[in-house]
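A note on names: the letters A, B, ... follow the listed sequences, proteins ahead of strands, and every chain is numbered from 1. For the numbers below, each heavy atom of this structure counts, side chains included, while hydrogens, waters and symmetry mates do not. Not measured: the values here are computed from a predicted model.
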Number of protein chains: 2
Amino acid sequence: MKDQKEIIREANELKIMEAAELVFAQFGFKGATTDKIAKQAELPKANIHYYYKTKANLYQCVLTRILKEWIEAAEVFDNYDEPKIALTKYVESKMNYSRCRPYASKVWANEIIHGAPIVGAFLETTLKKWLEDRVEIIKGWIASNKIRKIDPTAFIYMIWSVTQHYADFEKQIEILNQGKEYSDEEFKLMTDQVTQFVLAGAGL
Amino acid sequence: MKDQKEIIREANELKIMEAAELVFAQFGFKGATTDKIAKQAELPKANIHYYYKTKANLYQCVLTRILKEWIEAAEVFDNYDEPKIALTKYVESKMNYSRCRPYASKVWANEIIHGAPIVGAFLETTLKKWLEDRVEIIKGWIASNKIRKIDPTAFIYMIWSVTQHYADFEKQIEILNQGKEYSDEEFKLMTDQVTQFVLAGAGL
DNA sequence: GTCTATACGTTGATAGAC
DNA sequence: GTCTATCAACGTATAGAC
């Protein structure tokens, strides 16, 4: 049974986290001030510190949430035996994430660009394991002649980079698209193109 | 004829710029302090302000240099009529830039992620024009059945994202490569893979 | 749990001696 | 052109009233 305070706490924590994700994405860790986050969350600055002891702590929480979602999106890869379906679904899942959570993707990119000081440990363990397992799956596809002979790691990097580009370089893409954000239709077309490139890369 | 002071000036400006590029890449604009840049350049902090009036000014100079190099690398695209050669050379040029100037690439990525406040104007003019011209070239290739029917813009985004990934996500790649940076041989193999993916994307 | 006022550290920038 | 000392501004974090 949740009491009143707990409900308020959870609601405020989420509100702050979403505001923080936006501000961290736009200004980086240092550039994001608690004041900006507070204004975005429509709360006084002191409340941010009440819910999250320090700015660094809040940043960690934001990254942890992104990481959890990253893993969920990656699960799609394993739900289908046929490479064509598995790859199509994975690209779709990654593109959908770029579309719906661009700020999350940007915070992540920012963290890696700056040397992964916080998520480094995760990369060494969970992500490394995930990659190794997926490399084995792809090697299996190659061995059974289902796809072309490729370097599995390079192939996965290709999928990551192309899909994440639509979130991280959103602003550049918008400017190059006559200053207009992609409509749902336009984004769907790009998703189809990315899917084709990935499948072509695998010889499918 | 350059006098002594001019020579000293140019040498120091370059030293500061290179130090700044590194520090901006590692910490972002806000996170990069003039003190860090000074230490990296092995100069007292005040000298930074002597050569570059403000931190923002120094940042602009760093971006301008990157931009100039970006344009030079892009010229390769036009030096060959045959799509297979042009694309191979362009990928090679971009991968080489990621290899030799990873900090430059990171500063650029950072700038775009944060909404391109400084280079926005360049994107709207020079880059937009460059993209439109290249789109026409690619359309020509499609019309003459030299490559598969693809969306030229999506295709160029693919080239940019895959190649830049090796600079911007360097740290992630290093961690996933048993904590070791790629050797020249390993990087060459990845360049070949990326080239294959790009050519395959074009149906070549 | 909310919020105002404030202490304390950091940092961009400058003054002024060399 | 170099460098030490210093200041003003800003930003994190907290104290304490409500």
Between A:Lys128 and B:Gln178, does any side-chain donor sit less than 3.5 Å from a side-chain acceptor?
yes

For A:Tyr51 and A:Asn12, which I'm curious about, is there any donor-acceptor pair between the side chains at under 3.5 Å?
yes

Starting at [atom1] of [X] and ending at [atom2] of [N], how long is that distance when rounded to a whole Å?
X: B:Asn47; N: C:dA13; atom1: CG; atom2: P; result: 15 Å
X: B:Asp35; N: D:dC3; atom1: CG; atom2: P; result: 14 Å
X: A:Phe27; N: D:dT12; atom1: CZ; atom2: P; result: 13 Å
X: B:Lys55; N: C:dG12; atom1: NZ; atom2: C1'; result: 8 Å
X: A:Ile48; N: C:dG1; atom1: CD1; atom2: P; result: 14 Å
X: B:Lys36; N: C:dT11; atom1: NZ; atom2: P; result: 7 Å

Is it the case that A:Lys30 places NZ or CZ above or below the six-membered ring of B:Phe27, under 6.0 angstrom from the centre and within 45 degrees of the axis?
no

Checking A:Lys89 against A:Phe77: charged group under 6.0 Å from the ring centre and within 45 degrees of the axis?
no

Base, sugar-phosphate, or nothing for A:Tyr51, non-hydrogen atoms under 4.0 angstrom?
sugar-phosphate

Heavy atoms under 4.0 Å, any strand shown: does B:Ala32 hit a base, just sugar-phosphate, or nothing?
sugar-phosphate

Please confirm whether any donor atom in the side chain of B:Lys45 sits under 3.5 Å from an acceptor in the base of C:dG12, or the reverse.
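By the distance-only test, yes, there is a pair.
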
Which sits closer to the 5' end of DNA chain D, B:Gln4 or B:Ala46, going by the nucleotide each is nearest to?
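With B:Gln4 and B:Ala46 compared, the 5'-side residue is B:Gln4.
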
Can you tell me if [X] touches the phosphate of [N], counting only side-chain N or O atoms and a distance under 4.0 Å to OP1 or OP2?
X: B:His49; N: C:dT14; result: no
X: A:Lys30; N: D:dG11; result: no
X: A:Thr34; N: D:dG11; result: no

